[in-house]
Amino acid sequence: MNASRPVRCLLLRPIPTRPASFRSRPFHSSSSHSARRRPRSFNVKTADTGSSPPLIEQFKPYSEAEKAELAKHYSPEQLKAIEAGEQAINPQDLLYQGELRQDPFGLKYLDDLSTIRPVIDKPVRNPESNYDPNLRLKNEDEIVKDFAQWVKDLPAEPTRLDYMKFMDKRRMTVGSEKAERAPTSALAPKLPRINDPEIRYAKKDKDEDPSLVRLMQQTGFTSKDLKKIRTKNLVCHPVVNQTRMGKIRSWYYLTIAGNGNGLLGVGEGKAAEPEDARKQAELRAIRAMEPIQRYENRTIYGEVKGKVGAVELKLMTRPPGFGVRCQQYIFEMCRLAGITDLAARSSRSRNPMNTVKAAFQALKKQRLPEEIARARGLKMVDVRKVYYGGLV
Amino acid sequence: MSLVSLSHLCSHLQNASRARLTTTQTPYTALHLSLLLHLQRSGFLSSLTLGTPRTPHDPAPVTQSNVSSRRLWVGLKYYPVTNEPLITKVSMVSKPTKRIWMGADGFGRLVRGGDEGCVRGLRNPGECLFVSTDRGVMEIREAARRKIGGMVLCRVV
């Protein structure tokens, strides 16, 4: 016997075990429940809790005390309206219909659906029956006739209000009135402006840079066009004006602008601040943009020469795939003008400013074969276009 | 064939064009006449008439005795709006001291825009080279087509 076994065990009687029951003996091999089955959770009946009355009893009419309390806040007429409203609604309906829907098709927000919200709800359109196929604008005679009729019908002392009423009510078309006042449209109605700091609307032209607005007016470009125009500062250095007051320093910028598709411009700017000078030069370059003639949209026509100051240069046409093999300033100009095959040679000075100006001059100096042929009275045929159907 | 007088003609045409003259006159020689006729055929000239130093029209035939008093009157052309001359540059290729002869192959290379010897090819739109062959003066394209060699006279742009 093990010594650690408590004495109690020795002294106590053995615990009687449950006698095996014949009734519980199963006739199948799977294990049986030892006890009676019970539900996992207990059902609690409303009556058992005894706390709140049934829901239907919550919707009972106002007691006298409540009415007295309401009378402190509402006038007798309002009280009457409240009572009438109470009577109009059956408490049974409130119980079964007046609850929030929890199903997937229920609204995710609180709404009594009494108003049409422009963003969420389906827009209300004018009915298609408003359409009138015979609608046409009034001609001048009919408009004049309307006006004459109005003048005839005017009261003895006409006022400005009469005229405004006439302007509001007059018809500009002949046909169904509904078709003019409430025309049907396939387009969704315009959304009203929503006053919400989270929603950002596109800025109006007023908010744009005034210099850009002026540029758009002068050039006729839209802001979308201007965004596509690329500019590049080619020359930037300080310049000094010697006066009796001393040296006045300012900044010089030379900028080119182009759309990469045959437009190129050169602009110069000078100002005390480099940023101002740069902007000035860019705007001037965009304003000075001119079309550059390109052969097959890739190279120039023939060889052209330019000369500004001591800079003398020659631009030469090249075959496809040659690339722009020339100095950096002319390279940048070609890139913005959309010229991809070109060679250049500067024979004398290579001053950057004059190089850019001379190259611009040379690019503008090209003569088109069509122009030459017309001036000489000759018939010209582009053999490449004729033989390859203009594909080369 | 005097290239000296031909170079005088070239300089004169260039100067007259730059001065925006409508007509000008040159001495009558066979070479001048054939070159000017080809210039007219290429569309560089508006008119070419035979005359005297005073008048552009004098139908008297050229004889050995009166050839010195005969003149070729040349009408020059300008672009419509810009008033730029059609003839911007006329330069001699062969010089009196260095005449340049070339075969038909060389002419072909020049026509296609390549260089041949010290002669630069035709790379500008509307550029013309005039050559003198044993079949007379002609445009280099025609000489190349007919496979005729000869002397390169002058270049007109």
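FYI, side chains are in, hydrogens and waters are out, and symmetry mates aren't considered; it's all heavy atoms of this structure. Each chain gets a letter, A, B and so on, in the order its sequence line appears, and its residues count up from 1.
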Under 4.5 Å heavy-atom distance to chain A, tell me which part of B:Ser42 shows up: side chain, backbone, both or neither.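 Contact with chain A: backbone only.
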Identify which part of B:Thr88 has an atom lying under 4.5 Å from any heavy atom of chain A, answering side chain, backbone, both or neither.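 Neither part, no heavy atoms under 4.5 Å.
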Rounded distance [0.5 Å steps], CZ in A:Arg376 versus OH in B:Tyr79: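 A:Arg376 CZ to B:Tyr79 OH: 6.5 Å, rounded to 0.5 Å.
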If you round to the nearest 0.5 Å, how far is CD of A:Glu371 from CG of B:Leu86?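 One gets 9.5 Å once the value is rounded to the nearest 0.5 Å.
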Measuring heavy-atom distances to chain B, does A:Leu378 have an atom under 4.5 Å in its side chain, in its backbone, in both, or in neither?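 Contact with chain B: side chain only.
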Residue, of B:Ser46, B:Pro125, B:Gly113, that accumulates the most heavy atom pairs under 4.5 Å with chain A: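 Heavy-atom pairs under 4.5 Å are most numerous for B:Pro125.
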For [X], is the [atom1] atom crowded, meaning more than 12 foreign heavy atoms sit under 6.0 Å from it?
X: B:Arg54; atom1: CZ; value: no
X: A:Lys138; atom1: NZ; value: yes
X: A:Arg345; atom1: CZ; value: no
X: B:Arg20; atom1: CZ; value: yes
X: A:Lys270; atom1: NZ; value: no
X: B:Lys95; atom1: NZ; value: no
X: A:Arg214; atom1: CZ; value: no

Can B:Arg120 and A:Glu303 be counted as an ion pair, charged N to O under 4.0 angstrom?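 Salt bridge between B:Arg120 and A:Glu303, a charged N being under 4.0 Å from a carboxylate O: yes.
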Chain B-proximal positions within residues 248-263 of chain A [heavy-atom distance under 4.5 Å]: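 Under the 4.5 Å heavy-atom cut-off, nothing qualifies.
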